[in-house]
Amino acid sequence: MKTLVDKYADLSKELYTLCSKKEMIRRKCLNLGRMECDLLNFISTCEEPICMNDLSEEMKVSHSRITRIIDTLVRKKLVRRFPSKRDRRSWLAEITEKGRKANKQTMFDFMNLQQDLINRLPDDSAEKIYNCILTYVKAYQEALSAKESTL
């Protein structure tokens with residue numbers, strides 16, 4: 001007989017697997033890696049071109065890694081890179097219309113997946129299940145934060 005701890009450990013593993021599968025589907029749609037998808041999604045939220053150094057800080061990766069990822073996105077015409085007019089040592093990146101459409105399509109697909117999930121839940125239980133999962137996620141975040149503070 002499984003203990004409650006074992007059941008929660010299994011649940012955590014299953015949720016992780018589901019999220020990983022969702023990300024794999026998203027990346028396949030765009031033919032991009034995880035960091036490329038994350039970077040494209042972040043740039044799509046920027047209202048104006050963003051400096052490569054700022055991208056490096058935001059994504060918590062090296063400047064050279066950001067440059068390589070941007071190179072891929074530029075080759076695929078999802079992002080445009082150009083020198084700053086204020087600081088000639090600095091380069092800026094902005095999403096292209098093709099990149100905006102691709103990012104919007106993946107978000108649309110994700111929302112359709114969420115609707116499909118809701119439709120598969122027992123009648124009138126979607127809100128209750130959501131609140132239970134939200135409680136679980138908050139408790140998980142608190143437990144992880146407590147653990148991180150001891151490391």
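Under the 4.5 Å side-chain heavy-atom criterion for Ile, Leu, Val, Met, Phe, Trp and Tyr, I118 and I129 are members of distinct hydrophobic clusters. Cluster membership check: L40 shares its hydrophobic cluster with I69, using side-chain heavy-atom separations under 4.5 Å among Ile, Leu, Val, Met, Phe, Trp and Tyr. Both I95 and I66 are part of a single hydrophobic cluster, where members link through side-chain heavy atoms under 4.5 Å apart. Note: the hydrophobic cluster containing Y16 does not contain L113 (ILVMFWY, side chain heavy atoms under 4.5 Å, direct or indirect links). Grouping the Ile, Leu, Val, Met, Phe, Trp and Tyr side chains by contacts below 4.5 angstrom, directly or via other members, places M52 apart from L92.
A side-chain donor from one of Q115 and N119 sits under 3.5 Å from a side-chain acceptor of the other.
Here M111 sits in one hydrophobic cluster together with F110; the rule is ILVMFWY side chains under 4.5 Å apart, joined directly or through other members.
Annotation: the span from E14 atom CD to C19 atom SG amounts to 10.5 Å, rounded to 0.5 Å. For the atom pair C51 SG and E57 CD, the distance stands at 8.5 Å (nearest 0.5 Å). Between the CG atom of L73 and the NZ atom of K98 there is a distance of 11.0 Å, given to the nearest 0.5 Å. Rounding to the nearest 0.5 Å gives a distance of 9.5 Å between CZ of R89 and CG of N53. Separation of atoms CZ (F42) and CG (N103) is listed at 12.5 Å; rounding is to 0.5 Å. Remark: I43 CD1 to I70 CD1 distance equals 4.0 Å, nearest 0.5 Å.
In this structure the side chain of R65 reaches within 4.5 angstrom of the side chain of M35, judged on heavy atoms.
Annotation: N131, atom CG; neighbour count of heavy atoms from other residues, nucleotides and ligands within 6.0 Å is above 12.
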For residues 75-84, which side-chain N or O atoms pair as donor and acceptor with protein atoms under 3.5 Å away, sequence neighbours left out?
unit_1: R75; atom_1: NH2; unit_2: T72; atom_2: OG1; d: 3.3
unit_1: K76; atom_1: NZ; unit_2: N31; atom_2: O; d: 2.4
unit_1: R80; atom_1: NE; unit_2: E94; atom_2: OE2; d: 2.9
unit_1: R80; atom_1: NH2; unit_2: E94; atom_2: OE2; d: 2.7
unit_1: R81; atom_1: NH1; unit_2: D71; atom_2: OD1; d: 2.9
unit_1: R81; atom_1: NH2; unit_2: D71; atom_2: OD1; d: 2.5
unit_1: S84; atom_1: OG; unit_2: R86; atom_2: N; d: 3.1
unit_1: S84; atom_1: OG; unit_2: D87; atom_2: N; d: 3.2

Return all side-chain donor-acceptor pairs below 3.5 angstrom for residues 136-149, not counting sequence neighbours, or 'none' if the list is empty.
unit_1: Y140; atom_1: OH; unit_2: S12; atom_2: OG; d: 2.6
unit_1: S145; atom_1: OG; unit_2: Q141; atom_2: O; d: 3.1
unit_1: S149; atom_1: OG; unit_2: A146; atom_2: O; d: 2.7

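Nearest heavy-atom pair, P122 versus S125, reported as atom, atom and distance to 0.1 Å: O-OG, 2.6 Å.
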**Message:** D109 vs T106, test: side chain to side chain donor-acceptor pair (under 3.5 Å). Steps then yes/no.
**Reply:** CA-CA 5 Å; D109 292 343; T106 60; over 6 Å; no

